[in-house]
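Each chain gets a letter, A, B and so on, in the order its sequence line appears, and its residues count up from 1. Note that this is a predicted model, so its numbers are computed, not measured.
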There are 2 protein chains.
Amino acid sequence: MIKTHEIIIVDDHLLFARSLASLVDSYDEYTVKYTFQNGSELVAKLASGMALPAIILLDVKMPVMDGIATMKWLKKYKPEAKVIALSMEDEEKTILNMLRNGAKGYLLKDIQPSLLKKALDTVLEQGYFHTEKVTTTLMKSLDPESNSNKEIQLKENEIRFIKLACEEKTYKEIADEMFLSPKTIDGYRQHLFEILGVKNRIGLVLYAIKNGIVEI
Amino acid sequence: MIKTHEIIIVDDHLLFARSLASLVDSYDEYTVKYTFQNGSELVAKLASGMALPAIILLDVKMPVMDGIATMKWLKKYKPEAKVIALSMEDEEKTILNMLRNGAKGYLLKDIQPSLLKKALDTVLEQGYFHTEKVTTTLMKSLDPESNSNKEIQLKENEIRFIKLACEEKTYKEIADEMFLSPKTIDGYRQHLFEILGVKNRIGLVLYAIKNGIVEI
DNA sequence: TTAAAAAACAGGAAAAACCCCTTTTTAAAA
DNA sequence: TTTTAAAAAGGGGTTTTTCCTGTTTTTTAA
């Protein structure tokens with residue numbers, strides 16, 4: 001009797017999710033148990049007692065509850081979960097963020113399908129799987145020369161401010177909307193310029209977009 | 001004997017392409033003949049005499065030769081091709097562009113997989129298939145009231161200016177870089193604010209990003 | 001060639017953004 | 001309870017952006 005490993009897929013693009021399920025199901029050793037459209041659905045199920053599958057294939061970019069948020073939850077409540085992150089982008093920061101939160105592997109969606117199979121097998125056998133690309137990124141991040149290694153932690157209000165700053169509003173209007181003094185807003189602005197290394201509001205907007213703080 | 005219709009999939013994300021193939025192959029009536037990673041590969045094959053498949057599933061956003069470029073080629077050399085566009089984004093402009101170039105259907109990748117089956121069936125039977133979303137977009141674009149129908153044509157210099165405005169530069173610096181008077185730059189600014197319907201430079205930057213004038 | 005349109009340029013002024021430095025309030029730690 | 005640190009608010013200033021109303025120059029087309 002062949003033992004099949006259960007897989008859960010989390011991806012907001014249903015067509016992709018189901019297609020991927022179809023592919024995974026075509027492997028004898030694996031069977032897709034569920035597909036979810038976002039992290040919340042997965043978390044809800046796990047929280048209500050569902051057993052962990054052998055592997056979770058987790059999309060990074062999702063609305064509602066994205067890959068990173070989901071990883072953080074899993075790290076806290078289900079640290080033994082084996083997660084392979086799936087992503088369109090190869091942004092260094094995102095990759096590191098997922099790995100730092102316990103992802104066992106990171107696959108770009110443009111890989112050869114055979115690599116998925118290999119990734120699944122390897123994660124089960126060895127506990128992790130990383131492509132050349134990810135390994136390189138990892139190495140680079142460990143390089144002390146590379147200064148870009150410290151994660152910037154933004155406060156709740158700062159994020160609220162940034163989001164509003166990415167609209168066509170004046171600081172005065174933002175202050176009103178946040179029920180704060182314009183001077184406080186000015187303080188946020190100044191502080192953010194400093195820690196993010198930007199020169200003006202344009203830089204702030206670009207930072208916000210590049211780092212997924214705002215959707216456009 | 002069941003007759004199966006041949007499908008070709010074009011998508012740079014191999015994992016998605018193969019997964020989708022797996023899903024399509026699971027339908028009795030359809031079989032995937034090829035998967036290509038970009039428009040060029042498809043075009044090359046067609047140009048060298050390959051017969052058209054029943055339906056082409058064509059990703060919109062691809063490197064090398066994207067969906068729109070591919071549609072333009074097909075419109076010219078293989079106008080009888082039945083193409084269903086696949087896309088992540090529901091940007092009105094892109095949808096219209098694909099349809100204008102002869103796509104028979106436009107599916108967002110977050111649809112229910114069952115809808116794909118329906119789309120394939122319908123395109124074969126009726127020649128086209130459109131979801132509610134696309135129909136609405138179409139209607140809106142035909143509505144003469146909707147002013148958003150006239151494509152905004154930007155001048156060379158305006159585009160140069162916009163690109164620089166998306167960096168952390170002052171208008172003075174931009175003027176220097178373009179060898180123009182700051183007053184001319186101010187004229188560009190004012191004119192662009194008007195025709196693009198934005199209130200300030202932030203709006204301009206957002207417009208530029210949304211419309212692919214700048215890469216971020 | 002000439003009239004019209006578009007592009008470049010300007011003066012002046014208000015509004016907004018940006019900057020530095022201080023004080024008050026709040027929250028947490030010793 | 002006192003000390004400390006951070007968040008919020010303020011004072012007062014410079015620079016940049018934005019806006020309005022023009023003129024001059026260049027380009028386009030009749």
Side-chain angles (χ1 to χ4, degrees), chain A residues 72 76 149-216, chain B residues 147-216:
Chain A
K72 283 185 176 163
K76 191 167 179 187
N149 208 2
K150 49 189 180 294
E151 191 175 348
I152 293 166
Q153 199 50 53
L154 297 173
K155 302 280 152 56
E156 193 63 33
N157 257 3
E158 288 175 337
I159 290 174
R160 279 220 293 153
F161 164 71
I162 291 179
K163 287 185 177 175
L164 293 169
C166 289
E167 300 176 31
E168 296 179 67
K169 295 182 157 95
T170 66
Y171 290 139
K172 171 75 175 61
E173 289 169 334
I174 293 174
D176 287 346
E177 202 159 325
M178 290 180 72
F179 300 109
L180 288 170
S181 155
K183 281 299 181 179
T184 304
I185 296 300
D186 194 46
Y188 289 172
R189 182 197 55 72
Q190 190 136 351
H191 181 234
L192 286 169
F193 280 17
E194 220 165 283
I195 64 174
L196 303 181
V198 301
K199 286 170 68 181
N200 53 35
R201 187 166 159 182
I202 304 299
L204 191 64
V205 170
L206 295 174
Y207 177 91
I209 293 169
K210 281 180 191 160
N211 291 275
I213 295 172
V214 291
E215 296 293 320
I216 56 156
Chain B
N147 48 0
S148 64
N149 207 7
K150 50 183 183 296
E151 198 166 334
I152 294 167
Q153 198 50 51
L154 297 174
K155 303 280 152 56
E156 194 61 34
N157 257 1
E158 287 175 338
I159 290 175
R160 279 220 295 152
F161 163 71
I162 290 179
K163 286 184 179 178
L164 293 169
C166 290
E167 300 177 30
E168 297 177 65
K169 294 183 159 98
T170 67
Y171 291 137
K172 172 74 176 58
E173 289 169 333
I174 293 174
D176 286 346
E177 203 159 326
M178 290 180 72
F179 300 108
L180 288 170
S181 156
K183 282 301 179 180
T184 304
I185 296 300
D186 191 48
Y188 290 171
R189 183 198 54 71
Q190 191 143 350
H191 180 233
L192 285 170
F193 279 17
E194 219 166 282
I195 64 174
L196 303 181
V198 302
K199 287 170 67 180
N200 53 35
R201 187 165 160 183
I202 303 299
L204 191 63
V205 170
L206 295 175
Y207 177 90
I209 294 169
K210 281 181 191 159
N211 291 273
I213 295 171
V214 291
E215 296 294 319
I216 55 157

From C:dC19, C:dA17, D:dC19, pick the nucleotide closest to the side chain of B:Arg189?
D:dC19

Determine whether a donor-acceptor pair (one donor, one acceptor, N or O, separation below 3.5 Å) exists between the side chain of A:Asp186 and the base of C:dC18.
no

Under 4.0 angstrom between A:Ser181 side-chain N/O and D:dA8 OP1 or OP2
no

Is B:Asn200 close enough to D:dC19 that one of its side-chain N or O atoms is under 4.0 Å from OP1 or OP2 there?
no

In whole angstroms, how far is the C1' atom of C:dA16 from the CG atom of B:Leu204?
17 Å

Report the distance from atom OH of B:Tyr171 to atom C1' of C:dA16, rounded to the nearest whole Å.
12 Å

Check whether any side-chain nitrogen or oxygen of A:Tyr188 sits under 4.0 Å from OP1 or OP2 of D:dA7, and answer yes or no.
no

Just the rounded figure in Å: distance from P of C:dA17 to CD of B:Glu168.
16 Å

Does either side chain, that of B:Asn157 or that of B:Tyr188, offer a donor lying less than 3.5 Å from an acceptor on the other one?
yes

Indicate, with a heavy-atom threshold strictly under 4.0 Å, whether B:Phe179 touches base, sugar-phosphate, or nothing.
nothing

As a test of reading the structure: which of C:dA17, C:dA8, D:dC19 is closest to the side chain of B:Gln190, going by heavy atoms?
D:dC19

Check each of A:Leu206, A:Val205, A:Leu204, A:Val198 against A:Ile202 using the side chain to side chain contact (heavy atoms under 4.5 Å, CB included) test, and report the only one that passes.
A:Leu206

Please tell me if the side chains of B:His191 and B:Glu158 come closer than 4.5 Å, counting only heavy atoms from C-beta onward.
yes

Phosphate OP1/OP2 of D:dA9 contacted by A:Thr184 side-chain N/O (<4.0 Å):
yes

For A:Glu156 and D:dA7, give me the distance from atom CD to atom P, rounded to whole Å.
13 Å

For B:Arg201, report the nucleic acid contact type (base, sugar-phosphate, nothing); a contact means any heavy atom under 4.0 Å.
sugar-phosphate

Specify the residue among B:Lys183 and B:Lys155 whose closest nucleotide of DNA chain C lies further upstream toward the 5′ end.
B:Lys155

Hey, could you give me the CZ/CG distance between A:Arg160 and A:Leu154, rounded to the nearest 0.5 Å?
14.5 Å

In whole Å, what is the span from the CD1 atom of B:Ile195 to the P atom of C:dA7?
10 Å

Under 3.5 Å on both distances, the Watson-Crick or G-U partner of C:dA27:
D:dT4

